[in-house]
Amino acid sequence: MSNADATAVVVTHNSERQIVAALTALRQEGLPVRLVDNASTDGTVALVRHRFPEVTVLASTTNTGFASAVNRAAAGIDTDVVLLVNPDCVVTPGMAAELVRVIRSRQSVGIAGPRLVDAYGRIAISAHRFESLGTVLASRFGGSLAPVALRRLLSGRQRRAAYDACVRGAQPVAVDWVSGACLAVRTDLFEAVGGLDEGYFLYYEDEELCLQVARRGAEVLYVPSVTALHTGGASSSDPAWIWPHLYRSMLRYFARHRAGTLHAVRGVVLLRALIGIGLAGVRMPLQPRAGTARLRAWTRIGRIAVTRGETRGGA
């Protein structure tokens with residue numbers, strides 16, 4: 001792949017432990033990289049500047065959120081494709097070139113995403129249908145709270161088809177949205193939709209991007225023939241910080257696109273928060289630190305569920 005094909009955009013926040021593997025893989029693919037650091041307090045910026053002098057580094061003094069950082073990095077990119085890569089995501093040889101080829105070979109394609117696998121080689125579910133009340137019920141009451149068969153039933157036929165494409169698919173397939181952990185998007189289309197929606201501080205900006213691309217008549221493809229290793233947890237493992245952002249973004253998405261079910265989704269989120277608070281209380285005597293973090297997280301989520309202004313997003 002030549003440097004004129006795609007530019008990789010990476011956003012970091014305390015990503016010192018993961019970033020070397022991610023940037024090494026991108027270097028081996030010959031990709032130019034623009035990296036925005038969102039106010040890391042570890043050695044991320046110094047490490048990148050020392051080990052990867054070819055990477056363009058833009059260091060922020062405040063954490064402005066993922067979407068804002070991506071838009072800053074993507075401004076003025078002159079390649080045909082923007083490749084979003086999380087700092088905890090390692091591209092495999094030829095993956096980026098194949099995503100670019102897929103996008104270029106079909107004018108109707110606006111976004112392409114690879115199959116994601118974890119450190120143990122297990123396939124991650126990274127292709128999805130757009131969210132609905134049913135999918136929220138299925139996903140928020142997962143794990144031990146509901147049997148797998150019940151969760152699959154609540155997911156609906158089309159969401160199950162996306163799941164099957166992730167697990168067993170071999171050919172590119174059109175889906176509603178793919179994970180922003182690693183995706184390629186046509187630069188002109190990315191600019192046409194205004195980049196990522198900065199109203200989302202963290203989470204749901206990838207689904208929003210795919211929705212806006214689809215509204216302009218472009219396809220989103222899941223490409224299971226190429227993979228990326230996604231280990232997760234590059235920025236923070238603290239549920240009291242991460243989980244509230246997830247639920248705040250969820251409510252913002254429903255407020256914007258599925259307002260008719262917003263109140264029901266708020267109820268689901270509140271119920272899940274109350275269950276989470278109860279389970280955290282049970283956990284605390286055995287695991288005080290984890291229990292306390294989960295209690296803080298679910299308490300904040302409960303407040304988000306009952307506060308209308310939280311749908312606006314923000315830090």
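Every value quoted in this text rests on a predicted model; they were computed, and no experiment measured them.
The closest donor-acceptor contact from the side chain of N86 to the backbone of D88 lies at 3.5 Å or more, if one exists at all. At distances below 3.5 Å, at least one donor-acceptor pair connects side-chain atoms of T79 with backbone N or O atoms of T7. Proximity of a side-chain donor or acceptor of R115 to a complementary backbone N or O of C166 within less than 3.5 Å is detected. At least one donor-acceptor pair under 3.5 Å links the side chain of D42 to the backbone N or O of E16. Proximity of a side-chain donor or acceptor of S249 to a complementary backbone N or O of Y200 within less than 3.5 Å is not detected. Of the possible donor and acceptor atoms, one in the side chain of T187 sits under 3.5 Å from a partner among the backbone N and O of V81. Side chain of E219 to backbone of I111: no donor-acceptor contact under 3.5 angstrom is found. Within the 3.5 Å criterion, the main-chain N or O of A22 finds no donor-acceptor partner in the side chain of T24. For N63 (side chain) and A39 (main-chain N/O), no donor-acceptor pair under 3.5 Å exists by modelled atom type. The main-chain N or O of E198 is never found under 3.5 Å from a side-chain atom of S68 such that the two would form a donor-acceptor pair.
To the nearest 0.5 Å, atom CG of residue L209 and atom CZ of residue F190 are 6.5 Å apart. The OG atom of S105 sits 8.0 Å away from the CD atom of E98 when rounded to the nearest 0.5 Å. Rounded to the nearest 0.5 angstrom, W243 CH2 and R294 CZ are separated by 4.0 Å. How far OG of S179 is from CD1 of I125: 11.5 Å, rounded to the nearest 0.5 Å. Taken from CG in D176 to CZ in R129, the straight-line distance is 4.0 Å, to the nearest 0.5 Å. Atom OG1 of T12 sits about 4.0 Å away from atom CG of L35, to the nearest 0.5 Å.
Using a 4.5 Å heavy-atom threshold, the side chains of L99 and V226 count as touching. Within the 4.5 Å cutoff, no side-chain heavy atoms of M250 are placed close to those of I301. Using a 4.5 Å heavy-atom cutoff, the side chains of C182 and M95 are in contact. Side-chain contact between L202 and I242 is present, with heavy atoms from C-beta onward closer than 4.5 Å. The closest side-chain heavy-atom distance from D80 to V100 is not below 4.5 Å. Looking at heavy atoms from C-beta onward, M284 lies in side-chain contact with L295 at the 4.5 angstrom threshold. With contacts defined as side-chain heavy-atom distances shorter than 4.5 Å, the pair V10/I19 qualifies. Side-chain contact between P224 and Q171 is absent, with no heavy atoms from C-beta onward closer than 4.5 Å.
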Problem - Residues L211, Y253; criterion side chain to side chain contact (heavy atoms under 4.5 Å, CB included); working and verdict - result: CA-CA 11 Å; L211 176 61; Y253 178 85; 4.0 Å; yes
Exercise for the section: Evaluate side chain to side chain contact (heavy atoms under 4.5 Å, CB included) for V70 paired with V82, printing each intermediate quantity in order. Expected result: CA-CA 10 Å; V70 166; V82 176; 5.8 Å; no
Problem - Derivation of the side chain to side chain contact (heavy atoms under 4.5 Å, CB included) call for T299 and I277 - result: CA-CA 7 Å; T299 300; I277 290 170; 4.1 Å; yes
Practice task
Applying side chain to side chain contact (heavy atoms under 4.5 Å, CB included), run through V36 and T64 and close with a yes or a no.
Solution key: CA-CA 10 Å; V36 173; T64 60; over 6 Å; no
Exercise for the section: Apply side-chain hydrogen bond (donor to acceptor under 3.5 Å, both in side chains) to R72 and S60, showing your working. Expected result: CA-CA 10 Å; R72 182 183 177 193; S60 296; 2.7 Å; yes
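Two different hydrophobic clusters hold V90 and V178 under the rule that ILVMFWY side chains link at heavy-atom gaps under 4.5 Å. In the hydrophobic clustering of this structure, V193 groups with V9; members are Ile, Leu, Val, Met, Phe, Trp, Tyr whose side-chain heavy atoms approach within less than 4.5 Å, directly or through other members. L196 and V220 end up in the same hydrophobic cluster when Ile, Leu, Val, Met, Phe, Trp and Tyr side chains are linked at under 4.5 Å. Note on L246 and F130: same hydrophobic cluster, where clusters join Ile, Leu, Val, Met, Phe, Trp and Tyr whose side-chain heavy atoms are under 4.5 Å apart, directly or indirectly. Connection of L229 to L26 is not established within any shared hydrophobic cluster, with ILVMFWY side chains joined at heavy-atom distances below 4.5 Å, either directly or through further cluster members.
Closest non-hydrogen pair, A6 versus L31, comes out as O-CD2, 3.5 Å. Smallest separation of non-hydrogen atoms from L262 and F254: CD1-CB, 3.9 Å. Taking both residues in full, the closest heavy atoms of R266 and A305 are given as NH1-O, 3.0 Å, listed atom of the first, atom of the second, then distance. Of all heavy-atom pairs between A297 and P239, the closest is CB-O, 3.3 Å. Across all their heavy atoms, L116 and A181 have their closest contact at CD1-CB, 4.0 Å. Nearest heavy-atom pair, C89 versus A228, reported as atom, atom and distance to 0.1 Å: SG-CB, 3.7 Å.
Using a 4.0 Å cut-off between a side-chain N of Lys or Arg and a carboxylate O of Asp or Glu, E131 and R258 do not qualify as a salt bridge. Under the 4.0 Å criterion applied to side-chain N and carboxylate O atoms, E208 and R252 are not assigned as salt-bridge partners. R104 has a carboxylate O that lies under 4.0 Å from a charged side-chain N of D5, or vice versa, which qualifies the two as a salt bridge.
Here F201 and H245 bring their ring centres to under 6.0 angstrom of each other. A centroid separation of less than 6.0 Å is found between the aromatic rings of Y247 and W298.
E54 CD: more than 12 foreign heavy atoms inside a 6.0 Å radius.
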